[in-house]
Student: 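Structure below; questions to follow.
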Amino acid sequence: MPELPEVETIARGVDKRLRGDSIVQAWFTRLPQPFKTPAARQAKGLAGRTVLAVHRVGKHIVFELGSAGSAPDARGVDGTRRTQESTAVDAQWIVHLGMTGRLLLTTPESTAAPHTHARLALASGRELRFVDPRRFGRLEFRDLARSAGFGAPGQEPLTIGKHEFVSLFRTHRLCIKAALLNQALLAGVGNIYADESLFQAGIRPRRRANRLTRSELERLRLALWQVLSEAIRLGGSSVSDYVDADGARGFFQLEHCVYQRTGEPCRRCQTPIRRIVVAGRGTHYCPKCQR
DNA sequence: CATTTCACCTGGTGGC
DNA sequence: TGCCACCAGGTGAAAT
């Protein structure tokens, strides 16, 4: 289940491998589910465009695209200098992996995995494929001449400041766990890292967001930063033929403290980890460490 | 308007 | 061994 650290890892991998390459042609399945933009429009928009950069916004992977002939910025590898590139960017391809989405980089000859919904033939001779069995993923194409660039509604948990973080939750009565999962508030936090950061901060998932003290919220902000940063660090391992997707490598070996450890002893105090349902999702916490 | 619930999907699991 | 109910969860629409 790709959340912020996984999507960050994948986006970095795609950027490293695809930057400067061009899309010769694109095919899409007829299924309506994975497409926010009609498949035909995506195929037409992608064809002939160059990949200038790829980066993460919330849980989305954003491909910055230029029209044929526009030279990619060959100087920076880190993608931080966006102003130079942005002049050439005239379209975006936005990929959301949902629960089971994967991006695979293969040769055109290799047989397509089941549930392959999109195939992008690249000028380099490779092929980028979008595979998603459960079809919770979403694909969108934006022509920047006609619509605004993609922006997540929520704030980035890795860069949000102390004061902003406090004011985010002050006005919300819902459970803090549900608030963390709300992408309109914070972009990128999913079930795993919500549970893990609440444990790290010593806060029970059912606490009302607007009842948390200033210092508790600051503990939570720092816990989120710690957990997400560490997960990104562990997910940084590279992969040979596919762009890291489902947690089989790196981050999945992250030592979870509570997530899916129901009944197992807390790593800190040995109390059995408890499982409840909050906002319709499995929620794990230590009844002693979290108050 | 804020909050909660549910449908969308398929593969894996555990019970019988 | 096979079958089936059930669970997993990100998101957005529908309900409360």
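In what follows, chains are A, B, ... by sequence order, proteins preceding strands, each numbered from 1.
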Student: Regarding A/Arg268 and the six-membered ring of A/Phe199, is the cationic atom NZ or CZ under 6.0 Å from the ring centre and inside 45° of its axis?
Tutor: yes
Student: For A/Arg275 and C/dA8, is the shortest distance between a side-chain N/O and OP1 or OP2 below 4.0 Å?
Tutor: yes
Student: Do A/Leu222 and A/Val227 belong to the same hydrophobic cluster, where Ile, Leu, Val, Met, Phe, Trp and Tyr are linked whenever their side-chain heavy atoms lie under 4.5 Å apart, directly or via other members?
Tutor: no
Student: How about A/Cys175 and A/Pro205: do any of their side-chain heavy atoms sit closer than 4.5 Å?
Tutor: no
Student: Among B/dT4, B/dT10, C/dA8, which is the nearest nucleotide to the side chain of A/Arg208?
Tutor: B/dT4
Student: What is the distance, to the nearest angstrom, from the CG atom on A/Leu174 to the C1' atom on C/dT16?
Tutor: 15 Å
Student: May I have the distance from A/Arg206 (atom CZ) to B/dT4 (atom P), rounded to whole angstrom?
Tutor: 11 Å
Student: Which nucleotide in the list B/dG11, B/dT3, C/dG10 gets nearest to the side chain of A/His172?
Tutor: B/dT3
Student: What integer distance in Å separates A/Ile94:CD1 from C/dG10:C1'?
Tutor: 17 Å
Student: Whole Å only: how far is the CG atom of A/Leu186 from the C1' atom of C/dG10?
Tutor: 16 Å
Student: Quickly work out the A/Lys59 NZ to C/dG12 C1' distance and round it to whole Å.
Tutor: 13 Å
Student: Rounded to whole angstrom units, what separation is found between the NE2 atom of A/His117 and the C1' atom of B/dC9?
Tutor: 10 Å
Student: Can you see if the side chain of A/Arg135 gets near the phosphate of B/dC8 - specifically, an N or O under 4.0 Å from OP1 or OP2?
Tutor: no
Student: Figure out the CE/C1' separation between A/Met99 and B/dC9, and round it to whole Å.
Tutor: 10 Å
Student: Between B/dC9 atom P and A/Asp132 atom CG, what is the distance in whole Å?
Tutor: 12 Å
Student: Using 30° and 60° as the class boundaries, would you call the ring planes of A/Phe130 and A/His117 parallel, tilted or perpendicular?
Tutor: tilted
Student: Report yes if a side-chain nitrogen or oxygen of A/His115 is closer than 4.0 Å to either non-bridging phosphate oxygen (OP1 or OP2) of B/dG11; otherwise report no.
Tutor: yes
